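In what follows, a structure is listed as structure tokens, so that the remarks can point back to it.
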Amino acid sequence: QLQLVESGGGLVQPGGSLRLSCAASGFTLDHYAIGWFRQAPGKEREGVSCISNGGSTYYVDSVKGRFTISRDNAKNTVYLQMNSLKPEDTAVYYCAASPRGLCLIFLNHLSSRDYAYWGQGTQVTVSS
């Protein structure tokens, strides 16, 4: 089965760090763009970050300077390093793969339309 599996979520205090991993099985990620999305209770899904097959990156303004996306094609894995975490970062985080290979930005937001594969999500809670 083609799937993405997230790991690395958990409970951290404000100012702490987490590294999320997104590992693919059943297909290889090298030709895909990989996006990270999050959804908090009562809020709409938000595109957080994306990395294209060529290594171009996107970050939503609220995480710029704090989050870093990277990919290791040899390990078939994409990472999201999250530093200086804030309570408003609390959400379920999902990774997704787009066969288009590019990060589609629409009106300055990361579109979720073209992502064919989605992980099950991992909970990130930032609280003291």
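Along the sequence shown, residues are numbered consecutively beginning with 1. All of these numbers come straight from a predicted model, not from anything done at the bench.
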### Task
Taking atom types as modelled, find out whether S98 and D114 have a side-chain donor-acceptor pair closer than 3.5 angstrom.
no
### Task
Considering non-hydrogen atoms only, spot the tightest contact between S17 and S84 and give its length.
OG-N, 4.2 Å
### Query
Nearest heavy-atom pair of R100 and L104: which atoms, and what distance?
NH1-CD2, 3.7 Å
#### Entry: CA sep, side-chain torsions, deciding dist, call: D72, T77, side chain to side chain donor-acceptor pair (under 3.5 Å)
CA-CA 6 Å; D72 187 339; T77 300; over 6 Å; no
### Task
Among V124, V63, T90, find the one that has a side-chain contact (heavy atoms from CB on, under 4.5 Å) with R38.
V63
### Query
Using 30° and 60° as the class limits, which term best fits the ring planes of Y115 and F37: parallel, tilted or perpendicular?
perpendicular
### Task
List the steps, then state whether side chain to side chain contact (heavy atoms under 4.5 Å, CB included) holds for V78 with W36.
CA-CA 10 Å; V78 172; W36 285 97; 3.9 Å; yes
### Query
If you measure from the Lys or Arg side-chain nitrogens to the Asp or Glu carboxylate oxygens, is any gap between D61 and K64 under 4.0 Å?
yes
#### Entry: Side-chain ion pair, R71 and D30, N-O less than 4.0 Å
no
### Message
Testing the basics here: between E46 and S62, what is the closest heavy-atom pair and its distance to 0.1 Å?
### Response
OE2-OG, 4.2 Å
### Summary
Distance col, row F67:CZ vs T57:OG1, nearest 0.5 angstrom, shows 14.0 Å
### Message
Donor-acceptor pair, distance only, cut-off 3.5 Å: does the side chain of E6 make one with the backbone of G121?
### Response
yes
### Task
Verify whether one side chain among Y79 and R19 offers a donor that lies under 3.5 Å from an acceptor in the other.
no
### Task
Indicate the atoms forming the closest heavy-atom contact of S49 with L110, along with that distance.
O-CD2, 3.5 Å
### Task
Identify the heavy atoms of S52 and C103 that sit nearest to each other, and give their distance.
N-SG, 3.6 Å
### Message
How close do N76 and T28 get, counting heavy atoms only, and between which atoms?
### Response
OD1-CA, 3.3 Å
### Message
For the backbone of T125 and the side chain of D89, can you confirm whether one donor and one acceptor N or O come within less than 3.5 Å of each other?
### Response
no
### Task
Check the hydrophobic clustering (I, L, V, M, F, W, Y; side-chain heavy atoms under 4.5 Å; chains of links allowed) and say if I105 and Y32 are grouped together.
yes
### Geometric class of the W118/Y94 ring pair [parallel <30°, tilted 30-60°, perpendicular >60°]
perpendicular
